[in-house]
Asker: 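This is the structure, below, for whatever I ask next.
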Amino acid sequence: MSNKLLESYLDYTAETESPTQYHRWAFLSAVAAISGRRVYFTLGHIGKIYPNLYCILVGSPGARKDSAMRPAKDLLKGAGYSSFSPESTSAGQFLDDFAHGFSKTTIKPKRNEDPLAGIIDSPAPNLSKDSLLNKLSSTDLTSEVYINIGEFQDFIGINNQVFVSKLTTLWDNLPVYEHRLRKTANNQLNILKPTVNILGGMTVSAWNACFPSEISEKGFTARVVAVYSNPTNLRITFPKAPNPQTRIQLIRELGKIQSMRGELKLSPEAEALLDDIYQKYVPLPDVRLQYYCARRLTHLIKLLIIVTIMKGKLIAEAEDVIEANTILSYTEHDMSTALGYYGESRFALASQKLMDTLNSVRVPIRIDDLWSSVSNDLDKYSQIVDVLTNLEKCGKVTKAIDEINNEMHYIAVKPSSWQKNFTGVNYAKYIREWTKD
């Protein structure tokens, strides 16, 4: 069964300047948000895994990240979803708003029954934790928030370890999140079944400013799917208005997904394939992604829930596993690019600008043309040769001499490990923009 809903959305957004990869993840994120905690997968002692995603669209300025986020957000609003976070906030204010303003009941109350009856107004200072959890287990009450921010660095702040730490904890879908306001016993917030989804946009330099190594090592970036894409370089002067009939149909499908609830099951073939993928998975070579790779199975299960419920079912088949694994594998292929190339050095910004320029084209570029993009970041022309030499040694660029004009040209090296993780992957079927080169 093909994923007609995802394909329909990609057709719906096809005539835009945003990359297909951004549109794909924007819609996957929207499905995760509207599903909330209604559908889950049980994994041994780990317990229930829900489909919430932390997804960041990463690319150069002008890659149309924010533009890719708008259509999916519009559809969510059309389907009645309203638990969006503010554009800018602090960690403390976010938690306060979460406890008081983002709480949503996930189903209509039964006849003559208030789903909040006997629990709290919010928060719950007079209930013990055990009592609260017992009452929560018998209700469908959740607290939901969708952080959908085009300039995610404005929301999270630069190296904001406190805020990042709290979002890291919230990714795990705790039954209740307790936040002490002051050093007193009775002054705290209790966020009931906090469910957080993130879809943000960032440049590579903003990623490195917001998530330096001290944050990455604490687990936040291991929970994030970093989606990198080069600009399409399309110029559509007068884009067409979205098809109203398609928009209505997509909204209806989101409404159907919102009504689905229960445990996702695996067919025997799907279970065998998922195990095969997990056992044979080769971690990504970039050491900065080692913590992400350690959580890769959880990311895959979350994505499997999403692609399966998009087809209106709660039993995942082998084909659904292949689709989820293919989308994730394709995205992982460029995750190192999302994290940047340079590390800590005085040529860091120049290195990134050069790679952004080279990644935006498919043809070799003269060194003189590259100089114009970094002339303000280097002291002298000879330094660009040093930077390009370092990038070449890292395997990020390759050079060639134009024998006619005797000029040096450079081109970005496309990663060559497409088939390293080949179990459960079919790029040609599920990735419409995929090409081997």
Side-chain angles (χ1 to χ4, degrees), residues 1-14 20-21 23-43 48-53 55 71-72 75-76 78-81 106-107 195 197 199 225 227 243 245-277 297-331 423-434:
M1 181 189 298
S2 63
N3 199 324
K4 295 180 180 179
L5 179 56
L6 180 56
E7 287 300 310
S8 178
Y9 180 78
L10 294 180
D11 288 339
Y12 177 70
T13 56
T20 300
Q21 178 73 325
H23 284 304
R24 178 181 291 112
W25 278 96
F27 193 65
L28 293 171
S29 177
V31 171
I34 204 165
S35 179
R37 292 201 188 198
R38 298 173 183 84
V39 179
Y40 60 90
F41 179 82
T42 304
L43 188 65
K48 294 179 179 179
I49 295 177
Y50 299 95
N52 65 305
L53 296 176
C55 179
L75 295 177
L76 274 179
Y81 187 90
T106 61
I107 62 170
T195 308
N197 282 275
L199 179 64
V225 178
V227 181
N243 185 305
Q245 287 76 28
T246 303
R247 179 179 180 273
I248 291 172
Q249 184 58 38
L250 289 170
I251 289 173
R252 287 175 178 168
E253 293 301 321
L254 286 176
K256 293 177 182 178
I257 292 171
Q258 190 176 33
S259 67
M260 295 179 66
R261 50 183 42 82
E263 182 177 3
L264 185 81
K265 299 290 187 178
L266 301 178
S267 70
E269 295 78 12
E271 183 175 340
L273 180 57
L274 192 62
D275 176 62
D276 198 30
I277 291 170
L297 178 61
T298 302
H299 288 290
L300 178 56
I301 290 173
K302 286 175 177 287
L303 199 53
L304 177 60
I305 296 173
I306 293 169
V307 300
T308 305
I309 63 177
M310 288 171 72
K311 300 173 184 177
K313 57 182 186 174
L314 290 175
I315 298 178
E317 306 292 342
E319 183 178 356
D320 304 314
V321 176
I322 294 173
E323 180 180 3
N325 191 52
T326 300
I327 292 173
L328 194 58
S329 297
Y330 180 78
T331 304
T423 303
V425 169
N426 188 339
Y427 295 117
K429 181 174 181 179
Y430 295 106
I431 307 297
R432 62 167 64 187
E433 71 273 28
W434 179 76

Asker: Quick one: salt bridge (Lys or Arg N to Asp or Glu O under 4.0 Å) partners of R252, sequence neighbours excluded?
Answerer: none
Asker: What distance separates L303 CG from D320 CG, expressed to the nearest 0.5 Å?
Answerer: 11.0 Å
Asker: Once you round to the nearest 0.5 Å, how far does CG of N3 lie from OG1 of T308?
Answerer: 9.0 Å
Asker: Is the closest side-chain heavy-atom distance between L5 and I257 below 4.5 Å?
Answerer: yes
Asker: At what distance, to the nearest 0.5 angstrom, does CE of M310 lie from CD of E253?
Answerer: 9.5 Å
Asker: Check for a donor-acceptor pair, side chain of R38 on one end and backbone N or O of Q258 on the other, with a separation under 3.5 Å.
Answerer: yes
Asker: Before giving the answer on side chain to side chain donor-acceptor pair (under 3.5 Å), spell out for Q249 and Q245 the whole-Å C-alpha distance, their side-chain angles and the decisive distance to 0.1 Å.
Answerer: CA-CA 6 Å; Q249 184 58 38; Q245 287 76 28; over 6 Å; no
Asker: Excluding sequence neighbours, so at least two apart, what forms ring pair (Phe, Tyr, Trp, His ring centres under 6.0 Å) with Y81?
Answerer: F84
Asker: One thing to verify: whether E7 and K4 come together as a salt bridge, which I'm taking to mean a side-chain N less than 4.0 angstrom from a carboxylate O.
Answerer: no
Asker: So how far is it from W434 CH2 to N426 CG, rounded to the nearest 0.5 Å?
Answerer: 8.5 Å
Asker: With a 3.5 Å distance limit and no angle check, can you tell me whether S35 reaches the backbone of A32 through a side-chain donor-acceptor pair?
Answerer: no
Asker: Should L6 and V307 count as side-chain neighbours, where that means a heavy-atom distance under 4.5 Å?
Answerer: no
Asker: Does W25 reach the side chain of I327, with side-chain heavy atoms less than 4.5 Å apart?
Answerer: yes
Asker: Please name the pair of heavy atoms, one in A30 and one in A72, separated by the smallest distance, quoted to 0.1 Å.
Answerer: CB-CB, 4.1 Å
Asker: I'd like to check the salt bridge (Lys or Arg N to Asp or Glu O under 4.0 Å) partners of E317; sequence neighbours left out, ordered by chain and number.
Answerer: none
Asker: Heavy atoms, side chains only, cut-off 4.5 Å: are D11 and N243 in contact?
Answerer: no
Asker: Identify the residue among L53, L304, V225 that makes a side-chain contact (heavy atoms from CB on, under 4.5 Å) with H299.
Answerer: V225
Asker: Considering all heavy atoms of both residues, which atom of I306 and which atom of V31 are nearest to each other, and what is their separation?
Answerer: CG2-CG1, 3.8 Å
Asker: Any side-chain heavy atom of E323 within less than 4.5 Å of one from V321?
Answerer: no
Asker: Can you label the angle between the Y9 ring and the F27 ring as parallel, tilted or perpendicular, going by 30° and 60°?
Answerer: parallel
Asker: Return the OG to CD1 distance between S29 and I34, rounded to the nearest 0.5 Å.
Answerer: 11.5 Å
Asker: Of all heavy-atom pairs between R37 and T195, which one has the smallest distance, and what is that distance?
Answerer: NE-OG1, 2.8 Å
Asker: Between A316 and A270, which heavy-atom pair has the shortest distance, and what is it?
Answerer: O-CB, 3.2 Å
Asker: Do K48 and F41 have side chains that approach each other closer than 4.5 Å (heavy atoms only, starting at C-beta)?
Answerer: no
Asker: Measure the NE2-CZ distance between H23 and R432 for me, rounded to the nearest 0.5 Å.
Answerer: 10.5 Å
Asker: Please indicate whether I315 has more than 12 foreign heavy atoms, meaning atoms of other residues, nucleotides or ligands, lying under 6.0 Å from its CD1.
Answerer: no
Asker: Give the minimum heavy-atom separation between S259 and R261, together with the two atoms involved.
Answerer: O-NH1, 3.1 Å
Asker: Quick check: do D275 and E271 have side-chain heavy atoms less than 4.5 Å from each other?
Answerer: no
Asker: Are side-chain heavy atoms of Y430 and R24 found at a separation under 4.5 Å?
Answerer: no
Asker: Can you list the steps and then say if L274 with L300 is a side chain to side chain contact (heavy atoms under 4.5 Å, CB included)?
Answerer: CA-CA 9 Å; L274 192 62; L300 178 56; 3.5 Å; yes
Asker: Decide side chain to side chain donor-acceptor pair (under 3.5 Å) for K302 and N52; before the verdict, give the C-alpha distance in whole Å, the side-chain angles of both, and the deciding distance to 0.1 Å.
Answerer: CA-CA 7 Å; K302 286 175 177 287; N52 65 305; 2.6 Å; yes
Asker: What are the two closest heavy atoms between L76 and A33, and how far apart are they?
Answerer: CD1-CB, 4.4 Å
Asker: Only one of I277, T326, I431 passes side-chain contact (heavy atoms from CB on, under 4.5 Å) with V425; say which it is.
Answerer: T326
